[in-house]
Amino acid sequence: MVDGVQSYGGELDAGLAEVVRVLPGAWVTFGGIQKTEPVNTTRRKYRAHGRFVVMVGDTNVRGEEASRHGGAHSTEVGTNNLVYAVRRLLSGQDLGLSIDALMPGRVRTLFNTALEHQAISVFACEFDTHWIELALDAGRYPDIPPPTRPPEEMVNHPDYLFTRYGGQGSEPYPNLHSIHASIDEVNSPLIPDIEGIVNYDPDH
């Protein structure tokens, strides 16, 4: 339905004459993080609310209504059809990312004008989502993964970025080897009343 789906790079700011040359088209951009809120009392875990925008546009020599509704010919798509297709394809999807399913939001008019004998119509379709971000402990640098790990594990490590660019890191926390628990009952002469040690083998 479009000549291509591209990451937005200011194409719609280049002037209407340049916009017409790439229509019908679709562009994707990140609209920013709208807000961030803690999800636990330790304030080490946050929910970030982000917004993505898909801009779609078309042009038609038969006028403004045709640029929106399209025509009988398959090359006359119309922005109304593009908006429907984008919302149909993306609503409820996570695109394989660690995000909540995309929720369709506002659809805004960006252009609804004419250039010489052509009508131009461009809309912005918004999608909201959220994801979880983990904060470092106070005063701590990221855990730098050891270089002995396989490359595929390195890329998926949350602090791989700091390894790649030589950032400062903290030594990883030591593995848990055992848990020592003791329970004292009120008015009991025993100290402690119940005691136990659970050993943990990180290799199993």
Side-chain angles (χ1 to χ4, degrees), residues 1-37 39 45-71 73-116 118-135 151-152 154-162 164-165:
M1 296 171 70
V2 295
D3 291 339
V5 180
Q6 308 292 335
S7 178
Y8 182 67
E11 288 83 353
L12 301 181
D13 300 324
L16 294 180
E18 294 297 323
V19 172
V20 170
R21 298 179 183 178
V22 294
L23 297 180
W27 300 269
V28 181
T29 187
F30 181 52
I33 295 178
Q34 309 302 307
K35 67 175 181 177
T36 303
E37 56 190 2
V39 296
K45 192 175 183 180
Y46 296 89
R47 180 179 290 110
H49 297 262
R51 177 168 296 161
F52 292 88
V53 183
V54 181
M55 292 167 283
V56 296
D58 198 7
T59 182
N60 199 296
V61 296
R62 295 192 293 109
E64 182 270 336
E65 184 175 355
S67 72
R68 290 186 294 106
H69 294 285
H73 197 276
S74 60
T75 58
E76 295 183 319
V77 178
T79 47
N80 286 0
N81 289 332
L82 292 174
V83 167
Y84 170 82
V86 166
R87 288 168 64 88
R88 174 66 171 162
L89 291 172
L90 293 182
S91 297
Q93 303 299 315
D94 61 14
L95 308 180
L97 304 174
S98 299
I99 62 174
D100 193 58
L102 293 173
M103 178 180 295
R106 297 188 304 167
V107 176
R108 298 180 288 111
T109 301
L110 296 183
F111 288 113
N112 194 10
T113 185
L115 177 66
E116 296 180 351
Q118 298 187 76
I120 302 173
S121 177
V122 180
F123 285 88
C125 306
E126 298 180 353
F127 294 89
D128 291 328
T129 184
H130 66 260
W131 58 89
I132 299 299
E133 296 180 351
L134 300 178
E152 61 274 13
M154 293 283 286
V155 173
N156 294 325
H157 193 282
D159 291 323
Y160 168 71
L161 177 70
F162 300 95
R164 179 179 179 184
Y165 292 101

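Start at 1 with the first residue, then count along the sequence. Basis for what follows: all heavy atoms, side chains included, without hydrogens, waters or symmetry-related copies.
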Sorted by chain and number, sequence neighbours left out, side-chain hydrogen bond (donor to acceptor under 3.5 Å, both in side chains) with Y8 holds for D13
To the nearest 0.5 Å, atom CD1 of I132 lies from atom CZ of R47 at 4.5 Å
Paired with F127, the side-chain contact (heavy atoms from CB on, under 4.5 Å) test is passed by just one of V53, V28, V86, namely V86
Those residues at least two apart in sequence (or on a different chain) that pass side-chain hydrogen bond (donor to acceptor under 3.5 Å, both in side chains) with R108 are E126
### Query
Does W27 reach the side chain of V2, with side-chain heavy atoms less than 4.5 Å apart?
no
In this structure, CG of D58 is separated from CZ of F123 (nearest 0.5 Å) by 11.0 Å
Residues at least two apart in sequence or cross-chain that pass salt bridge (Lys or Arg N to Asp or Glu O under 4.0 Å) with R87, listed by chain then number, are none
F162 meets the ring-ring contact (aromatic ring centres under 6.0 Å, His included) criterion, sequence neighbours left out, with none
Residues at least two apart in sequence or cross-chain that pass salt bridge (Lys or Arg N to Asp or Glu O under 4.0 Å) with D3, listed by chain then number, are none
OG1 of T79 to CG of L110, rounded to nearest 0.5 Å, is 10.5 Å
CG (L95) and CZ (F52) are apart, to the nearest 0.5 Å, by 8.0 Å
Residue pairs passing the side chain to side chain donor-acceptor pair (under 3.5 Å) test with at least one member in residues 90-104, sequence neighbours excluded, are none
Residue set satisfying side-chain contact (heavy atoms from CB on, under 4.5 Å) with A135, at least two apart, ordered chain then number -> R44, Y46
* **Student check: side-chain heavy atoms of D128 and H49 closer than 4.5 Å** => no
Here the gap from Q34 atom CD to H130 atom NE2, rounded to the nearest 0.5 Å, amounts to 14.0 Å
Tightest non-hydrogen contact, residues L82 and G25, listed as CD1-O, 4.5 Å
CD (Q6) and CE (M55) are apart, to the nearest 0.5 Å, by 11.5 Å
Residues at least two apart in sequence or cross-chain that pass ring-ring contact (aromatic ring centres under 6.0 Å, His included) with Y84, listed by chain then number, are none
Closest non-hydrogen atoms of V56 and V83, given as atom of the first, atom of the second and distance, are CG2-CG2, 3.8 Å
